[in-house]
Amino acid sequence: ILFRSLNDHVMRINCLNVFLFLSPSPIPSTSITSAKIQVNGVHLHYQQTGEGSHAVLLLPGMLGCGQTDFGPQLKSMNKQLFTIVAWDPRGYGQSIPPSRDFPPDFFERDAKDAVDLMQALKFKKFSLLGWSDGGITALIAAAKYPTLIHKLVVWGANASVTQEDVRIYNGIRDVSKWSEKVKKPLEELYGHKYFAKTCEAWVDGISRFAEKSDGNICQQLLPDIKCPTFIIHGEKDVLVPQAHAEYIHKHIKGSR
């Protein structure tokens, strides 16, 4: 459950900077705006910074929001080259209400919310950086809305759920067993009751994919992704075995 330490090292990955054409020279920071906008019947919270022509949407993982998952990126990404948007999916972060739920199509719902948010903000084309659940959401969005997506970077993502994955997920069901480092910011964000209840609901929601014969989340959509795609995976990721990243790479033509 230490996957949220990603922000301790993801900014060190030079190849991600090259992929997105980040400048190696320091750029003076610009202010970060915080606002809500109505999308698909809910008020979605987002943070925006930068003034570059290349728009980038940051998609957080399970239980995360823009600030918890992407504080370093909001602060340090090149703000002359990029306009950076970090969103809180419905039911997460400051996009409450509504409370978070996990119907069978929750990833497709998040993908539509994410794309419609960027269109509501008047971005005609944009790149996606998603990790964990945000990576899955980004894969679906890139496949379903190919004319809108410029580039795609995902890490800690999976396109299916196996019985072994379900066993791993059940290992984090009880948030009282999480490390204090991981648990504290989420308890501060949500309060213990909402945090614990939502984590249990997430485990149940994502585990339902394993009831299908192939455990499919979005496997059939991967060949539809046409934009340049970069896949990252951590050797020490305890929630997502590396085979998932290898599968995604194999089934997205031209991905790296």
*Asks:* NZ of Lys212: more than 12 outside heavy atoms within 6.0 angstrom?
*Replies:*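 More than 12 heavy atoms, drawn from other residues, nucleotides or ligands, come within 6.0 Å of this atom.
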*Asks:* Among residues at least two apart in sequence or on other chains, which ones pass side-chain contact (heavy atoms from CB on, under 4.5 Å) with Glu187?
*Replies:*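 side-chain contact (heavy atoms from CB on, under 4.5 Å) check on Glu187 returns Lys183, His192, Phe195.
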*Asks:* Holding to ring-ring contact (aromatic ring centres under 6.0 Å, His included), I want the full list of residues that pass it with Phe123, two or more places apart in sequence or in another chain.
*Replies:*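 Residues passing ring-ring contact (aromatic ring centres under 6.0 Å, His included) with Phe123: none at all.
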*Asks:* Residues in salt bridge (Lys or Arg N to Asp or Glu O under 4.0 Å) with Glu51, at least two apart?
*Replies:*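 In terms of salt bridge (Lys or Arg N to Asp or Glu O under 4.0 Å), with neighbours along the sequence ignored, Glu51 is linked to no residue.
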*Asks:* So, using side-chain hydrogen bond (donor to acceptor under 3.5 Å, both in side chains) as the criterion, who are the partners of Ser176 when residues are at least two apart?
*Replies:*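 Ser176: side-chain hydrogen bond (donor to acceptor under 3.5 Å, both in side chains) contacts with Asp174.
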*Asks:* For the aromatic rings, using the six-membered ring if either is Trp, is the centroid distance between Trp202 and Tyr169 under 6.0 Å?
*Replies:*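 Yes: the rings meet the under 6.0 Å criterion.
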*Asks:* Less than 4.5 Å apart, side chain to side chain, heavy atoms only: is that true for Val56 and Phe126?
*Replies:*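 Of all side-chain heavy-atom pairs linking Phe126 with Val56, none is under 4.5 Å.
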*Asks:* With sequence neighbours left out, what residues match Ser207 under side-chain hydrogen bond (donor to acceptor under 3.5 Å, both in side chains)?
*Replies:*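 Partners of Ser207 under the side-chain hydrogen bond (donor to acceptor under 3.5 Å, both in side chains) test: none.
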*Asks:* Would you please classify the geometry between the His54 ring and the His150 ring as parallel, tilted or perpendicular, with 30° and 60° separating the classes?
*Replies:*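 His150 vs His54 ring planes: perpendicular.
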*Asks:* Quick one, Trp131 and Val154 - any side-chain contact, counting heavy atoms below 4.5 Å?
*Replies:*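 The answer is no, as the side chains (C-beta and beyond) never meet within the 4.5 Å cut-off.
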*Asks:* Measure from the side-chain N and O atoms of Thr198 to the backbone N and O of Tyr194, and report whether any donor-acceptor pair falls under 3.5 Å.
*Replies:*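 Yes, Thr198 side chain to Tyr194 backbone: donor-acceptor pair under 3.5 Å.
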*Asks:* Quickly, which of Lys79, Gln67, Gln48 forms a side-chain contact (heavy atoms from CB on, under 4.5 Å) with Leu74? Name it, please.
*Replies:*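 Looking at Lys79, Gln67, Gln48, the match for Leu74 under the side-chain contact (heavy atoms from CB on, under 4.5 Å) is Gln67.
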*Asks:* Among all residues two or more places apart in sequence or in another chain, which pass the side-chain contact (heavy atoms from CB on, under 4.5 Å) test with Cys199?
*Replies:*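 Counting only residues at least two positions away or on another chain, Cys199 forms a side-chain contact (heavy atoms from CB on, under 4.5 Å) with Leu63, Val175, Trp178.
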*Asks:* Which residues pass the side-chain contact (heavy atoms from CB on, under 4.5 Å) test with Pro223, not counting sequence neighbours?
*Replies:*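 Result, side-chain contact (heavy atoms from CB on, under 4.5 Å) vs Pro223: none returned.
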*Asks:* Name all residues meeting the ring-ring contact (aromatic ring centres under 6.0 Å, His included) criterion together with Phe106; count only those two or more places apart in sequence or in a different chain, and write none if there are none.
*Replies:*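 Scan of Phe106 (ring-ring contact (aromatic ring centres under 6.0 Å, His included), adjacent residues dropped) gives Phe102.
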*Asks:* Is any side-chain heavy atom of Leu128 closer than 4.5 Å to a side-chain heavy atom of Leu59?
*Replies:*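 Contact flag for Leu128/Leu59 side chains = yes.
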*Asks:* Please identify each residue that fulfils side-chain contact (heavy atoms from CB on, under 4.5 Å) with Lys197, with sequence neighbours left out.
*Replies:*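 side-chain contact (heavy atoms from CB on, under 4.5 Å) list for Lys197, sorted by chain: empty.
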*Asks:* Excluding sequence neighbours, so at least two apart, what forms side-chain hydrogen bond (donor to acceptor under 3.5 Å, both in side chains) with His45?
*Replies:*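 So His45 forms a side-chain hydrogen bond (donor to acceptor under 3.5 Å, both in side chains) with Ser34, Asp88.
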*Asks:* side-chain hydrogen bond (donor to acceptor under 3.5 Å, both in side chains) with Gln220: which residues, sequence neighbours excluded?
*Replies:*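 For Gln220 the side-chain hydrogen bond (donor to acceptor under 3.5 Å, both in side chains) partners, ignoring immediate neighbours, are Asn216.
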*Asks:* Per the side chain to side chain donor-acceptor pair (under 3.5 Å) rule, which among Asp165, Asn158, Asp237 passes with His244?
*Replies:*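 It is Asp165; the other options fail the test.
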*Asks:* Any salt bridge (Lys or Arg N to Asp or Glu O under 4.0 Å) involving residues 106-122? Give me the pairs, sequence neighbours left out, ordered by first then second residue.
*Replies:*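 Salt bridge (Lys or Arg N to Asp or Glu O under 4.0 Å) check on residues 106-122 returns Arg90-Asp113, Arg100-Asp110, Asp101-Arg109, Lys112-Asp116.
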*Asks:* State, without any angle test, whether Asn170 and Arg167 hold a side-chain donor-acceptor pair at a distance under 3.5 Å.
*Replies:*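 Note: Asn170 and Arg167 side chains miss the donor-acceptor criterion.
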*Asks:* Indicate yes or no: at least one non-hydrogen side-chain atom of Phe70 is less than 4.5 angstrom from one of Pro60.
*Replies:*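 Heavy-atom side-chain distance check passes, below 4.5 Å.
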